[in-house]
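Remember, it's 1-based here, ligands and their atoms both numbered in the order they're listed.
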Amino acid sequence: MRRIRANAIAILTVAWILGTFYYLWQDKPRASPSSASQPRAAGVKSHLPKSVTHPPRGEPQGQLLGTFDEKAYLLGKPLRPGDDPYREHAFNLQESDRLGSERSIRDTRHYRCASVTFDPDLPSTSVIITFHNEARSTLLRTIKSVLVRSPAHLIQEMILVDDFSSDPEDCQLLSQIPKVHCLRNERREGLIRSRVRGAGVASASILTFLDSHCEVNTDWLQPMIQRVKEDRTRVVSPIIDVISLDNFAYLAASADLRGGFDWSLHFKWEQIPIEQKMARNDPTQPIRTPVIAGGIFVMDESWFNHLGQYDTQMDIWGGENFELSFRVWMCGGSLEILPCSRVGHVFRKRHPYDFPEGNALTYIKNTRRAAEVWMDEYKQYYYAARPSAQGKAYGSIADRLALRRKLNCNSFRWYLENVYPELRIPEQKVTYSLLKQGELCLESHNSDSLRLAECKSGSGIPASQKWTLMEPQIRQQDLCLAITAFSSGSKVRLEPCSPKESRQKWKPRGPALQHVISGLCLDSQPPVGPPITTQCRPQMASQSWEPKLVT
Ligand code: LR7
Ligand code: MN
């Protein structure tokens, strides 16, 4: 009897110690963020690949892949001895091939995620994966992880969009797997148009986008479908774990990160603001994010179409995640990261594929389109951070501006105030100048009218003589110089600045100031009366406005 009691106590003690360790390990503080595009892995040991694999839940292995011959597929493209394993894919192909089509990975979620429950009647999803020359082993592992780690009834289909890879069989053969369909582009389109094509044939009411080198983790799908089912305007993504590009170890990413960016439109992971972090008493709750990384997210299909899918004039890679993120927030939706959903992704240091127009030009074209359509007057900070973007071609944005009007979206200012107040607005180096004509200066009076008056100097310069020349605007605080009619002789006055107002757009022409659309110049004739616009004759004294910087 005593022996039994002693044993029971011993067992309980061991269980208690193990439990405490498990708890501490799960709740341990996470590592600080990295500013690179790869999230810093949390302070846990990597899960090095093992040879053991769990049998897929509910589905016998054979039925899962149908007639697909996995061995033949993988052996069809072996890495030849002596070849650089990083050359073709910018990750270690040898390691990826060694892992084969499936492996077990550590469940990296917070332990409390395991007890979260979901509606029994969640809608199913179409999974869309676009790829250009993906390695067979990573692509197959992506697909198989979805089939193995998702409840079968939630996967309506998987749509592969082969973006004109060199070998059409990479995709074709995979369509022997039940539920897997393959579309092939007849020319290289880039991931944006490829995703739109995939979404176009999707039959489920919810779309799930994945990169072609992912491994989804335990119960990754249900939290995302649940949130979108409750509110179709939510666009949700998982925490993106890190699959090492060298040894393919699966590493847990920090759960305290969200998506952010700087003014050059460079994506980065950043810490959740401290107040939000303090308020988080439930680690299973969603994290609001200003932008998503872009590759892995779930979105209601009708909401995707209503919001205008993607900007299909963006090419190859880059920028579409900003365009989508701004659009979702500004047009009535929201973006979330769901900590109970985890998907691993192979982060790379370089693009393994070519950009027909060059990498830099393509990124500029795409981000310029996002900035021009969505960033209003704040686009000036984008140009200031990326001066090389100025003057580069970006095509017509008329359709996207029309879409923005039709959807009646909020301003970028609203987005900054409500969604991303942490984004620091660069200090404006405002320089003032007088606009001199001989001894006289252009001056405002009675708030909106103009006249010429004797120039003041030194500390005696009144605000009414100080102008800010921010092409195309000529400003005094929030008021802008504007014509009142497009014909010669138009009165010129001050009115509240509006970035789209063409009556407020000017450019220098020699010593004269020319109104951009009418082509007329600011003229002080009649001599003492208020200035008007007349035919440009920049040599004329009455059209000459000499800027003189003042402090
Ligand atoms: O021409 C192309 N055609 C394609 O189909 C170029 C690429 N692709 C495919 C490619 O095979 C891959 O499946 O598009 C996908 C994304 O390309 P990657 O994996 O080379 O780029 P990435 O991982 O750096 O991509 C991140 O940023 C992109 C910006 O355009 C997209 O939004 C990607 O989806 C996005 N990936 C993720 O968000 C996963 C997490 C990484 C981060 C941060
Ligand atoms: Mn990727």
Side-chain angles (χ1 to χ4, degrees), residues 33-40 88-91 127-136 138-139 141-143 158-166 170-171 182-185 187-198 208-216 235-243 245 253-254 257-261 265-270 289 291-299 310-312 314-325 335 337 341-359 362-367 369-370:
S34 88
S35 58
S37 62
Q38 171 167 323
R40 173 88 54 91
E88 254 187 90
H89 303 285
F91 56 65
V127 179
I128 298 161
I129 300 172
T130 73
F131 68 94
H132 176 72
N133 288 340
E134 184 57 74
R136 286 187 169 191
T138 42
L139 180 57
R141 227 171 13 253
T142 308
I143 296 169
M158 297 182 76
I159 299 164
L160 307 181
V161 185
D162 170 5
D163 189 13
F164 199 56
S165 303
S166 320
D170 289 352
C171 192
C182 168
L183 301 175
R184 179 172 161 86
N185 292 338
R187 52 167 197 192
R188 181 85 175 281
E189 298 285 358
L191 70 94
I192 298 115
R193 288 191 288 278
S194 301
R195 282 191 196 151
V196 170
R197 184 174 177 208
T208 300
F209 295 95
L210 281 181
D211 268 16
S212 47
H213 32 255
C214 293
E215 279 166 73
V216 304
V235 176
V236 301
S237 38
I239 290 183
I240 304 174
D241 285 335
V242 178
I243 301 174
L245 65 92
S254 162
L257 301 179
R258 64 175 194 176
F261 58 90
L265 291 186
H266 169 80
F267 176 86
K268 55 182 184 188
W269 299 102
E270 60 181 33
T289 185
V291 291
I292 51 170
I296 308 175
F297 64 97
V298 176
M299 186 165 180
Y310 269 121
D311 177 351
T312 51
M314 289 187 176
D315 301 323
I316 307 295
W317 177 99
E320 92 296 340
N321 53 329
F322 296 112
E323 198 272 343
L324 178 76
S325 299
L335 296 176
I337 294 171
S341 177
R342 294 256 181 179
V343 173
H345 169 260
V346 185
F347 288 85
R348 296 184 281 207
K349 296 194 178 109
R350 65 173 173 90
H351 297 288
Y353 40 75
D354 63 308
F355 286 65
E357 310 287 329
N359 181 348
T362 306
Y363 200 70
I364 282 176
K365 176 185 174 186
N366 294 354
T367 50
R369 291 182 67 81

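- By the ring-ring contact (aromatic ring centres under 6.0 Å, His included) test, F322 pairs with F261, sequence neighbours left out.
- Taking the six-membered ring where the residue is Trp, F355 and H351 present perpendicular rings, their angle passing 60° and hence far from 30°.
- Ring planes of Y363 and W317: tilted class, angle from 30 to 60°.
- Both the backbone and the side chain of H132 come within contact range of ligand 1, each with a heavy atom under 4.0 Å.
- Between V343 and P238, the shortest heavy-atom contact is CG2-CG, 3.7 Å.
- At least one side-chain heavy atom of F267 sits under 4.5 Å from a side-chain heavy atom of N321.
- If you look at I240 next to ligand 1, the close heavy atoms, those under 4.0 Å, all belong to the side chain.
- With H351, R195, K268 as candidates, the residue nearest to atom 34 (O) of ligand 1 on a non-hydrogen basis is R195.
- Taking every heavy atom of R348 and a limit of under 4.0 angstrom, the matching atoms of ligand 1 come to 18 (P), 19 (O), 20 (O).
- Residue-ligand proximity, D163 to ligand 1, at heavy-atom distances under 4.0 Å covers atoms 1 (O), 2 (C), 3 (N), 4 (C), 5 (O).
- Inclusion of W269 in the set of residues having an N or O under 3.5 Å from an N or O of ligand 1 is not warranted.
- With a 4.5 Å cut-off on side-chain heavy atoms, K365 and E357 do not count as touching.
- Contact annotation: for E189 versus ligand 1, there are no heavy atoms closer than 4.0 Å.
- Nearest residue to atom 42 (C) of ligand 1 from F347, F355, F267 is F347 (criterion: closest heavy atom).
- In this structure, the side chains of L335 and I292 come closer than 4.5 Å at one or more pairs of heavy atoms.
- Ordered by chain and number, D211 OD2, H213 NE2, H345 NE2 make up the set of protein N, O or S atoms under 2.8 Å of the Mn ion (ligand 2).
- Under 4.0 angstrom from ligand 1, there are no non-hydrogen atoms of S194.
- Looking at F131, Y363, Y353 and measuring to atom 17 (O) of ligand 1, the nearest heavy atom belongs to Y353.
- Applying the side chain to side chain contact (heavy atoms under 4.5 Å, CB included) criterion to R258, with sequence neighbours excluded, gives E270, P273, Q276, I287, T289, P290, I337, Y420, E422.
- Listed here is the closest heavy atom pair of L160 and C171: CB-SG, 3.8 Å.
- The only member of T312, D163, N185, D315 that meets side-chain hydrogen bond (donor to acceptor under 3.5 Å, both in side chains) when paired with R193 is D315.
- With contacts defined as side-chain heavy-atom distances shorter than 4.5 Å, the pair R197/E189 does not qualify.
- Every N/O-N/O distance between E134 and ligand 1 stays at or above 3.5 Å.
- When only interatomic distances are considered, the shortest N/O to N/O separation between E320 and ligand 1 falls below 3.5 Å.
- Atom numbering of ligand 1 starts at 1 in the shown order; those under 4.0 Å from a heavy atom of G318 are 29 (C), 30 (O).
- Evaluation of the ring-ring contact (aromatic ring centres under 6.0 Å, His included) rule for F209 yields F297, F304 as partners, not counting sequence neighbours.
- Contact detail for E134 and D170: the closest heavy-atom pair is O-OD2, 4.2 Å.
- Around atom 14 (O) of ligand 1, the closest heavy atom drawn from I129, L210, L191 belongs to L191.
- Residue contacts with ligand 1: P352 is placed with no nitrogen or oxygen under 3.5 Å of a nitrogen or oxygen of the ligand (distance criterion only).
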